[in-house]
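We name chains A, B, ... by the order of the sequence lines, and we start the count at 1 in each one.
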Number of protein chains: 2
Amino acid sequence: MKITINDIAKMANVSKGTVSRVINNKPEGVSEETRRRILKIIDEVGYVPNSNARSITVSETKTIGLIIPDVSNPFFAELARGVEDCSSEYGYTVFLCNSDMNIEKQKNYLNALLEKRVDGIILNTSGDFNDKKFRDKFYKINIPVVLIDRKTQDLERYKGVFIDNIEAGYKATKYLISGKNENIAYLAGTYGIDTTMKRLEGYKKALTEASIELKPDYIVYGEYSIKSGYERTLSLMKGHREIQAIFAGSDIIAIGAIKALKDMNILVPDEVEVVGIDDISISNLISPSLTTVAQPIYEIGYKASEKLINFINNKSDYEDEFLPTKLVIRNSTRRRT
Amino acid sequence: MKITINDIAKMANVSKGTVSRVINNKPEGVSEETRRRILKIIDEVGYVPNSNARSITVSETKTIGLIIPDVSNPFFAELARGVEDCSSEYGYTVFLCNSDMNIEKQKNYLNALLEKRVDGIILNTSGDFNDKKFRDKFYKINIPVVLIDRKTQDLERYKGVFIDNIEAGYKATKYLISGKNENIAYLAGTYGIDTTMKRLEGYKKALTEASIELKPDYIVYGEYSIKSGYERTLSLMKGHREIQAIFAGSDIIAIGAIKALKDMNILVPDEVEVVGIDDISISNLISPSLTTVAQPIYEIGYKASEKLINFINNKSDYEDEFLPTKLVIRNSTRRRT
DNA sequence: CAAAGTTAGTAAACCGGTTTAGCTGCTAAG
DNA sequence: CTTAGCAGCTAAACCGGTTTACTAACTTTG
C-alpha cells in the first residue's frame, strides 16, 4: 500500500499536477504557501516519488550501465569506482554487470539494460558481437555508449577512453632493453583483444628499433589472470631458459609470472626482469614490487562516465580520449646506471 | 521515437493486451499462430519492452541495491562479485553504491534506491542513522534489507550474513599466543563498528584464557585501510618495541603493518608476527605472505543476495546466517612445532 | 475604468505498460 | 437442439507520474 502522488494531492486538497510541480521544484504555478503545505505533508507521511513512473514520461532514468569482465579484478574495481564516483556526482546511479568476457552474458546484460532504459552504457567489451541480428537491433536503438580500455572492430562507431597501448608496450619493452636484455618475452593477455595486440605492436616497435630479432616463440598468449600468467611463465621458461626479461601484458599477469619464477628458483630481477602494465594498487605491495607502465585507472573510469553523461545531455562532442601512461620503476627490474 | 507496445499492436492488428501477453509468455488468451506473428514483428522491428513502465503496475523492478564503502577495496570487490553473480542468476540487476563510510552519502544512496523502487537492499552499513526522521521514514517504507559483514544497533530489525567475529578474533589471537608471544597488539579498524568490537572481544577472550594481562596500550584503533595500518604501526612500535605480535583487524591493515615493520627494519615474522582477517586474494601474494583468518567473502555476498531474493519472494524465512572462518597459515608467522 | 497581463491552480490527456471484464464464435455435453 | 464451456481476443481501466490547455481571480497599465 505504497503512498502515491494522488494520496498527497488529496491530503493537500490540490490536483496532482500541483504536487508534481512541487516535487520537481518547478517555480511556476504554485504559491509559496501551498508549496510549503505540500512539502510538509510529503515530509510527514514519508512520501517517496516513484522515479520509474516519472521516467516513462520524461524518457530518462538517470541510470547508466557499466559492463566489465569482473569487479573482483583490481583493475576493473578501480575503474568501476571511478565510474561510480563521477556518475553519482552527476546524479546518476550505475548498474554493475560482470560479463566474464563471455559474449553471451554481455548480450544478456545489454538486453537487461535496454529494458531498464538506462540513459547510456559504459562498456569494456568482451569482443565482437557474434549475434548479428542482435547487433543490428542494438545499433538501431542508438543508445549512448562509451567504450573503456578496449576497442573492438564491431563497435567502431562508439568512442571511448583509453590509453595509447602501442606506446605503453613500447615504453615497457624499451625499458627492458635499456637493462641490456636481448631475450625479451611478451607474456600477453587474451589473443585478438585490442589492448593485447596494440601492446604487441609497441613491443615489436621497441625491438625493431633496437635491432633485436623478433622471436615468435617469445610471444605467448593467455588470459588476463594471475593463473594464466603463472602457467604460461612455467611453460615458457621451461623451454627457453635463455629469456632475460618478461614484458607482461598486465600487472595481474606479471604477478603470476613472478610467482612462477620464484617457484622455479629464478631470481627476479637478478636473473629475469619483469615489467607489467596497469599499476594496480597491489603492484607496490608484492615482493619484489613491480615495475610497470601505470595507467590512470580511476581517471579512465571517471572520464568515461563524464564523457557519457555529457554525450547524453548533448553538452559536448564525443571523441576518443587517450590518457597518459607513465613508467613506474620499482624492484622487479634492476637498477639502471 | 522509441517503438512501443502500441506500435507492435497496430502492426499486428491486435490489441495491446494481446501483445502484452505474448511479451510475458502468458499461455492463455492468444493462439499459437498470432503469438508467432507478433513475435516475428517484435523481432523484425527490434522492439524492447520498457521494464520501468511494467514495474509501475506489477510493483517489482527486478533490481536490488548494493551499498558498500568502496569497491576498490578488494574485500568489497569480492563481496560485490558474489552479490552480482547470485542476483543475475535470479534475474536481478544490481545498483552499485560506494558510501565511503559516510553516513550522509549512504542516506543519499538509500533515497535514490527508494525512488528507483529497488526490490531490496544489501547494506554494508556505515554506522547508525544520524537523521532520525529519515530512519523513521525508511523503516516505514519497509523495504527488504539484508545486512552484510557488519551489524548496527540502529538496524537491529534487519538480518544478514556475517562471520562470527568473536571467534575470528579469538582464533587469530590464540594462534599468536601459540607462538609463545605474550605482548600481542590488536591493530583494530574503525572504533565502534560491530566487526572491530567483536574481534576485540575475541582477542580479549584468548588473552584471558592464556592468563595474559590485557594492556590497553596494545589496542590501537584506526581505519580499515593500508595507510591507517601503516601509520598506527609506526607509532605503536615506536612506543612499544617489546611487542612481539600484531593481530590486525583486517588483511588490509595487516598489509600496512607489514610495510611499516619493514620500514622500521623489524623482521616479519622473526621479530614480530602478524595475523590478519579476511584472506583477500593479495594476502597470498605479498611478501611475507599473510597468515590470516579467512572469510568466505564471495559466498557471503552470494548468500546475502540469495537471502534477500528469497525474502523478497517470501520463499524462505529470514534469519541471521554466520559463515565459517578458517585460519590460513602462511609466512607472516613463524613455523609452529 | 477597461484592457491586458500575471499568478495559482485544475482537469484531462498522456507516457508504456498490465489486468480485468466482457464479447464472439466455436465445440462438447446433456 | 439448447446450453454450457472455452479459446481467443478487445476495450477500457489502471499503475504513478508529467505536461498541456484552460480558467478564475487578481494586478498592472494606459
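- Distance CG (Asn6(B)) to C1' (dA11(D)): 13 Å, rounded to an integer number of Å.
- Among the nucleotides dC15(D), dT10(C), dG17(D), the one closest to any side-chain atom of Thr57(B) is dC15(D).
- Among the protein residues, Val14(A) comes within range of the sugar-phosphate backbone only, with heavy atoms under 4.0 Å from sugar or phosphate atoms but none that close to a base.
- Ion pairing between a basic and an acidic side chain is recognised when a charged N comes within 4.0 Å of a carboxylate O; Lys105(B) and Asp100(B) show such pairing.
- Distances from the side chain of Lys16(A) to the nucleotides dC15(C), dT18(C), dT18(D) place dT18(D) closest.
- Separating the CZ atom of Arg117(B) from the C1' atom of dG16(D) is a distance of 9 Å, rounded to the nearest angstrom.
- Put simply, the side chain of Arg21(B) and the base of dT10(D) share a donor and an acceptor less than 3.5 Å apart.
- In the set dT10(C), dG16(C), dT18(C), the nucleotide with an atom closest to the side chain of Asn50(B) is dG16(C).
- Among dT18(D), dT10(D), dG17(C), the nucleotide with an atom closest to any side-chain atom of Thr18(B) is dT10(D).
- There is no side-chain donor-acceptor pair under 3.5 Å between Arg117(B) and Asn52(A).
- For the pair Asp154(A) and Arg135(A), the salt-bridge criterion is met [side-chain N within less than 4.0 Å of a carboxylate O].
- One interatomic measurement links the two molecules: CG of Asn52(B) to P of dG16(D), which rounds to 15 Å at whole-angstrom precision.
- You'll find that the side chain of Ser31(A) is closest to dA8(C), out of dT18(D), dG16(D), dA8(C).
- Within 4.0 Å (heavy atoms only), Ser55(A) reaches no atom of the nucleic acid at all.
- Listed nucleotides dG17(D), dT18(C), dC15(C) differ in distance to Ile5(A); the shortest reach to its side chain belongs to dG17(D).
- At the heavy-atom level, Ser20(A) lies under 4.0 Å from base atoms of the strands shown.
- Which of dT10(D), dG17(C), dC9(D) sits closest to the side chain of Ser15(B) comes down to dT10(D).
- As rounded to whole Å, 9 Å separates atom P of dA8(C) from atom CD of Glu32(A).
- Annotation: of the two residues near DNA chain D, Ala53(B) and Lys26(A), the 5′-most nearest-nucleotide partner is Ala53(B).
- One interatomic measurement links the two molecules: CD1 of Ile56(B) to P of dC14(C), which rounds to 16 Å at whole-angstrom precision.
- When the nucleotides dG8(D), dG17(C), dA13(C) are ranked by their closest atom to the side chain of Pro49(B), dG17(C) comes out on top.
- Going from atom CG of Asp7(A) over to atom C1' of dG17(D) covers 13 Å, rounded to whole Å.
- With DNA chain C read from its 5' end, the first of the two nearest nucleotides for Glu28(A) and Gly17(A) is the one closest to Glu28(A).
- Nucleotide dT19(D) holds its P atom 10 Å from the CD atom of Glu60(A), rounded to whole Å.
- Side chain of Ser55(A) to backbone of Ala53(A): no donor-acceptor contact under 3.5 angstrom is found.
- Note: NZ (Lys10(A)) to P (dG16(D)) measures 11 Å, nearest angstrom.
- Ion pair Lys133(A)/Asp43(B) flagged as a salt bridge, since at least one NZ, NE, NH1 or NH2 atom sits closer than 4.0 Å to an Asp/Glu carboxylate oxygen.
- A salt bridge between Arg81(A) and Asp85(A) is present, with a side-chain N of the basic residue lying under 4.0 Å from a carboxylate O of the acidic one.
- For a distance-only test at 3.5 Å, the side chain of Lys2(B) fails to qualify as a donor-acceptor partner of the base of dG16(C).
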